[in-house]
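Here is the structure we will look at.
A note on names: the letters A, B, ... follow the listed sequences, proteins ahead of strands, and every chain is numbered from 1.
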2 protein chains.
Amino acid sequence: MVDKEMMKGSIDLVLLSLISQRDLYGYEITRILKHLSDDTYEMSEGTLYSALKRLERKGWIESYWYDTEIGRRKYYRLTEKGGEELKRKQENWKMVESLVQKSSEELT
Amino acid sequence: MVDKEMMKGSIDLVLLSLISQRDLYGYEITRILKHLSDDTYEMSEGTLYSALKRLERKGWIESYWYDTEIGRRKYYRLTEKGGEELKRKQENWKMVESLVQKSSEELT
DNA sequence: CGATGCACCTCGTATTACAAGGGTGCATCG
DNA sequence: CGATGCACCCTTGTAATACGAGGTGCATCG
């Protein structure tokens with residue numbers, strides 16, 4: 001559908017954004033992304049879980065197990081540090097956004 | 001200044017955008033990016049030249065030498081294939097843009 | 001029973017972006 | 001004249017990234 005490497009470089013930002021809104025579990029995240037992209041993008045689980053691990057290792061998210069009748073789920077929640085990082089990444093994103101835009105507009 | 005890894009994933013798009021407007025040489029590109037970012041971002045030359053090599057290897061840009069009184073410069077120009085790739089990457093970018101936005105807004 | 005969906009995970013690999021280095025030649029300054 | 005700085009190009013090594021392919025277990029549906 002779309003470029004498989006579409007999200008390269010933006011995965012952490014997107015994940016932190018999503019988790020900042022409410023606690024989510026892995027599989028749920030893939031469903032949300034699929035939905036938000038109108039079924040054009042499906043994040044591979046290999047990508048997702050290693051990204052979540054990375055975010056946790058860096059202290060930006062924390063996880064906890066939650067058992068439902070239909071099985072166990074590992075939920076992730078944003079930490080304070082993760083909130084700060086999200087802010088940084090958002091500003092960063094704005095910068096890149098403006099560069100991408102300018103690079104296709106003006107050339108001084 | 002900004003995150004050193006700021007451009008991760010967007011370098012190719014930015015470079016193709018810039019070169020699509022007019023032929024450019026390497027050093028000039030670093031100057032333009034610095035200017036467009038209001039001096040907050042300076043692409044390391046290692047990054048730039050290996051990116052240019054990559055783009056050339058993929059057939060998206062072509063290079064030619066040009067001699068001025070003050071020395072030789074290696075200019076890069078967009079190929080037809082590069083034009084198509086640029087278009088693809090731009091659509092891709094819009095997708096990611098919308099995901100980044102949505103991920104910090106709604107959660108269905 | 002087999003397939004499908006939910007839910008998690010690991011491993012190996014190619015690619016990427018970077019820093020750190022190296023090189024040339026010209027101009028300017030002391 | 002020598003040093004410094006700028007303009008310009010390049011290579012190498014490394015850490016991190018994103019991915020596909022594979023694996024587990026359970027429940028449900030046909």
Proximal nucleotide (of [options]) relative to the [X] side chain:
X	options	answer
B/Thr47	C/dC9, D/dC9, C/dA17	C/dA17
B/Lys74	C/dC9, D/dC9, D/dT17	D/dC9
A/Lys53	C/dT10, D/dC9, C/dC18	C/dT10
B/Arg54	C/dT16, D/dC9, C/dC8	C/dT16
B/Tyr49	D/dC10, D/dA18, C/dA7	D/dC10
B/Tyr27	C/dC8, D/dC10, D/dA7	D/dA7

Strictly distance-based, threshold 3.5 Å: is any side-chain N or O of [X] a donor or acceptor partner for the main-chain N or O of [Y]?
X	Y	answer
B/Ser44	B/Thr47	yes
B/Gln21	A/Ser103	yes
B/Thr79	B/Gly82	yes

Integer-rounded Å distance: [N] [atom2] and [X] [atom1]:
X	N	atom1	atom2	answer
A/Ile32	C/dA7	CD1	C1'	15 Å
A/Leu15	D/dA18	CG	P	9 Å
A/Asp12	C/dT16	CG	P	18 Å
A/Arg73	D/dC26	CZ	P	17 Å
A/Leu48	C/dC6	CG	C1'	14 Å
B/Arg31	D/dC9	CZ	C1'	14 Å
A/Leu55	D/dA16	CG	P	14 Å
A/Leu13	D/dT17	CG	C1'	16 Å

>> Can you tell me whether the side chain of B/Glu28 and the base of D/dC8 have a donor-acceptor pair closer than 3.5 Å?
In response: no

> When you look at B/Lys89 and B/Glu84, which way does the salt bridge (charged side-chain N to carboxylate O under 4.0 Å, His left out) test go after all the steps?
Replying inline: CA-CA 9 Å; B/Lys89 285 193 191 299; B/Glu84 292 158 18; over 6 Å; no

>> One thing to verify: whether B/Glu42 and B/Arg31 come together as a salt bridge, which I'm taking to mean a side-chain N less than 4.0 angstrom from a carboxylate O.
In response: yes

>> Under a 4.0 Å threshold between the charged nitrogen and the carboxylate oxygen, would A/Glu91 count as salt-bridged to A/Lys94?
In response: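 A/Glu91 and A/Lys94: not salt-bridged.
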
> Stepwise, does the salt bridge (charged side-chain N to carboxylate O under 4.0 Å, His left out) test hold for B/Glu105 with B/Lys102?
Replying inline: CA-CA 5 Å; B/Glu105 276 178 0; B/Lys102 287 179 184 168; over 6 Å; no

>> Below the 4.0 Å mark, does C/dA17 have OP1 or OP2 next to a side-chain nitrogen or oxygen of A/Lys8?
In response: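 A/Lys8 to C/dA17 OP1/OP2: no side-chain N or O under 4.0 Å.
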
>> At less than 4.0 Å, is any side-chain N or O atom of B/Ser44 found next to OP1 or OP2 of C/dA19? Yes or no.
In response: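 It does, given that an N or O in the side chain of B/Ser44 lies less than 4.0 Å from OP1 or OP2 of C/dA19.
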
> What pattern of brackets, bars and dots sums up DNA chain C from 5' to 3', given Watson-Crick or G-U wobble pairs under 3.5 Å, [ ] for crossing pairs and | for another strand?
Replying inline: ||||||||||||||||||||||||||||||

> What class does the angle between the rings of A/Tyr75 and A/Tyr25 fall in, given that below 30° is parallel, 30 to 60° is tilted and above 60° is perpendicular?
Replying inline: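 Rings of A/Tyr75 and A/Tyr25: perpendicular, as their planes differ by over 60°.
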
> When you match A/Lys58 and A/Glu45 each to their closest nucleotide on DNA chain D, which lands nearer the 5' end?
Replying inline: A/Lys58

> What is the nucleic acid contact for B/Gly26, judged by heavy atoms within less than 4.0 Å: base, sugar-phosphate only, or nothing?
Replying inline: sugar-phosphate

